[in-house]
Number of protein chains: 2
Amino acid sequence: MSLIKIVLTEDHKIVRSGIRSLLENEVDIEIVGEACNGNELLELFESGTINPNEVLLITDINMPGINGIDMIPGLLEAYPKLKTVVLSMLSHEKYVLKAFQSGANGYMLKNVSSEELLFGIRHIFNNGQRYLCTELSIELLDRQLGRSYATTDDLPVVDLSKREKEILSLIAEGYTNQEIADKIFTSKRTVEGHRQNLIDKTQSRNSAALIRYAVLRGMVS
Amino acid sequence: MSLIKIVLTEDHKIVRSGIRSLLENEVDIEIVGEACNGNELLELFESGTINPNEVLLITDINMPGINGIDMIPGLLEAYPKLKTVVLSMLSHEKYVLKAFQSGANGYMLKNVSSEELLFGIRHIFNNGQRYLCTELSIELLDRQLGRSYATTDDLPVVDLSKREKEILSLIAEGYTNQEIADKIFTSKRTVEGHRQNLIDKTQSRNSAALIRYAVLRGMVS
DNA sequence: TACGAAACCCGTATTAATACCTGATTATTA
DNA sequence: TAATAATCAGGTATTAATACGGGTTTCGTA
């Protein structure tokens, strides 16, 4: 197990110090540089103080100037062996996806435990694999579980007539009863009746809940 | 950090011994029992040798008799505080999903590193959270990355405020504006405003279309 | 400090949806 | 053949949602 050299980019001094002191306790980790934004980081790299091809960069997203994710592609172009971990309080999926699309090797929320931070760092540096913190992993998993309700048989699955499915799709697309009636050449009242049946069958409270039920079960897409 | 008591269920003796010797090196972990299938495990529990409400069960899937995942719901019914980790060589998503749906607290592939096995065990036992091994997490993530390439092209991406997400979820559950207002202690008119913003932002025609949009993007589940 | 974004609030008017009810026709199937 | 389900259609009433318009306060940040 080789020595892990780390560079920190984070605009809040206190956060930086906290992470530094946490990592410094580990015998296999050394902090070789700190920067409070992307420009300072570039100076560190370009001045030759640090060899970017053998370090792990831990970076925040929100910082003055360029943000932590957006600077990754440029860094990787210049220093292909640089490894990067995004450490952020932003849990929205779009940041996670964008980080990995930009070439990050890891993404962790700022509320990870110190054990997990260390585990993730070592996982990335020693095994060369990517890492996503458990909180976000479980969030992803839960979303997948939600999606797969369609295929599980523990929840009551209703079966709909052809007409009902047709109308369900149109409701999901946002058409009103009158518009649907015009489309399928029947009366508004008939469509209203079908809509009510759909709501009753799925035990939903209204159309919004009906559509949630339907999409989660793959009845419409 | 309390002592982690572990019961192992695994039909291959050599694998069991390997895991045992690995875990026994840790000061905070104790192996209190072993079984080579579900029946033996039940005997251990029912004989009173082990208190199932304070242990972590690590189980394989494929075993003679009942499989490791299928026995979890019954175990949890009898011993609600039992924590379970599925340790299997099966990486197919359907096993992972089924394990968590059955109430497992963790799922790890048999090729995890010892560090990860320990990390996962401690994460589950000490923090009470679920754990999915990194290899599978990254696999999930990649699938999500693939999906987002496919879906973000044809449909507009919006980002919502915290409040909007909160209200969006409640709409998806079928609550009316008045009910939502009561729940989040604000006025019905405010909720109406938020609902309208959600519809506008997502370029939906009404609440039904809004919910379809939201569910398809995993904004609600 | 000036700005935008978010959250909050309100009025008015119209349209749509929901919740009950009724009954007829057709097709399937037990 | 009798029963059942699906489809269609209508009546009536109430409630909810939508679409405009107007506004304030607060907070983070440029």
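These numbers come from a predicted model, not from an experiment. In the text below, chain A, chain B and the rest are named by the order of the sequence lines, each starting its count at 1.
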J.: Rounded off to whole Å, could you give me the NZ-to-P distance for the Lys188(A) and dT12(D) pair?
T.: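 The answer, rounded to whole Å, is 14 Å.
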
J.: How many Å lie between NE2 on His12(A) and C1' on dT29(D), as a whole number?
T.: 12 Å

J.: Report the nucleotide, chosen from dT7(D), dA6(D), dA9(D), that has the shortest atom-to-atom distance to any side-chain atom of Thr186(A).
T.: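 My answer, after comparing the listed nucleotides, is dA9(D).
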
J.: Looking across every strand, which nucleic acid part, if any, lies under 4.0 Å from Thr176(B) by heavy atom: base, sugar-phosphate, or nothing?
T.: sugar-phosphate

J.: Please confirm whether the shortest side-chain N or O distance from Arg189(A) to OP1 or OP2 of dG11(D) is below 4.0 Å.
T.: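 It does not, given that no N or O in the side chain of Arg189(A) lies less than 4.0 Å from OP1 or OP2 of dG11(D).
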
J.: To the nearest Å, how far apart are Arg195(A) CZ and dA16(D) P?
T.: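 Going from Arg195(A) (CZ) to dA16(D) (P), I get 16 Å.
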
J.: Go through dT18(C), dA9(D), dA6(D) for me and flag the one nearest to the Ile199(A) side chain.
T.: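 For the Ile199(A) side chain, the nearest candidate turns out to be dT18(C).
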
J.: A side-chain contact here means heavy atoms from C-beta on lying under 4.5 Å apart; do Glu164(B) and Lys201(B) qualify?
T.: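 Yes. Closest side-chain heavy atoms under 4.5 Å.
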
J.: Kindly point out which of dC8(D), dA6(D), dC8(C) is positioned nearest to the side chain of Thr190(A)?
T.: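 Nucleotide nearest to Thr190(A)'s side chain: dC8(D).
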
J.: Within less than 4.0 Å of OP1 or OP2 of dA17(C), is there a side-chain N or O belonging to Asn177(A)?
T.: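 Looking at the OP1 and OP2 atoms of dA17(C), one of them is under 4.0 Å from a side-chain N or O of Asn177(A).
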
J.: So Gln178(A), base contact, sugar-phosphate only, or nothing? Heavy-atom distance under 4.0 Å.
T.: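 The answer is nothing, as Gln178(A) stays clear of every strand by at least 4.0 Å.
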
J.: Can you tell me the distance, in whole Å, between the CZ atom of Arg205(A) and the C1' atom of dA19(C)?
T.: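 Interatomic distance, CZ of Arg205(A) to C1' of dA19(C): 14 Å.
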
J.: Grab the NE2-P distance between His194(A) and dT18(C) for me, whole Å please.
T.: 15 Å

J.: Establish, with yes or no, whether the OP1 or OP2 oxygen of dT18(D) is under 4.0 angstrom from a side-chain nitrogen or oxygen of Asn206(B).
T.: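 No, Asn206(B) has no side-chain N/O under 4.0 Å of OP1/OP2 on dT18(D).
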
J.: Check this one for me: any side-chain N or O of Gln196(B) less than 4.0 Å away from OP1 or OP2 of dA19(D)?
T.: yes

J.: Going through the checks in order, is the salt bridge (Lys or Arg N to Asp or Glu O under 4.0 Å) test met by Arg16(A) and Glu34(A)?
T.: CA-CA 8 Å; Arg16(A) 222 161 57 224; Glu34(A) 277 184 23; 3.0 Å; yes

J.: Tell me: CD of Gln203(B) to P of dA19(D), nearest whole Å?
T.: 13 Å

J.: Would you please test Glu139(A) and Ser91(A) for side chain to side chain donor-acceptor pair (under 3.5 Å) and show each step?
T.: CA-CA 10 Å; Glu139(A) 206 174 280; Ser91(A) 68; 4.9 Å; no

J.: For DNA chain C, whose closest nucleotide is more 5', that of Ser187(B) or that of Glu192(B)?
T.: Ser187(B)

J.: In whole Å, what is the span from the CG atom of Leu198(B) to the P atom of dA6(C)?
T.: 12 Å

J.: How close or far is atom C1' of dA16(C) from atom CG of Asp182(A), stated in whole angstroms?
T.: 14 Å

J.: Reckon Ser207(A) has a side-chain N or O less than 4.0 Å from the OP1 or OP2 of dT18(C)?
T.: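 Answer is yes, contact under 4.0 Å.
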
J.: So, do Tyr131(A) and Phe119(A) have ring centers that fall under 6.0 Å from each other?
T.: yes

J.: Need one value for Arg163(A): base, sugar-phosphate or nothing, where a base atom within 4.0 Å counts as base even if backbone is also close, heavy atoms only.
T.: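 It contacts sugar-phosphate atoms only.
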
J.: Mind checking the CG-CD spacing from Asn126(B) to Gln129(B)? Nearest 0.5 Å is all I need.
T.: 10.5 Å

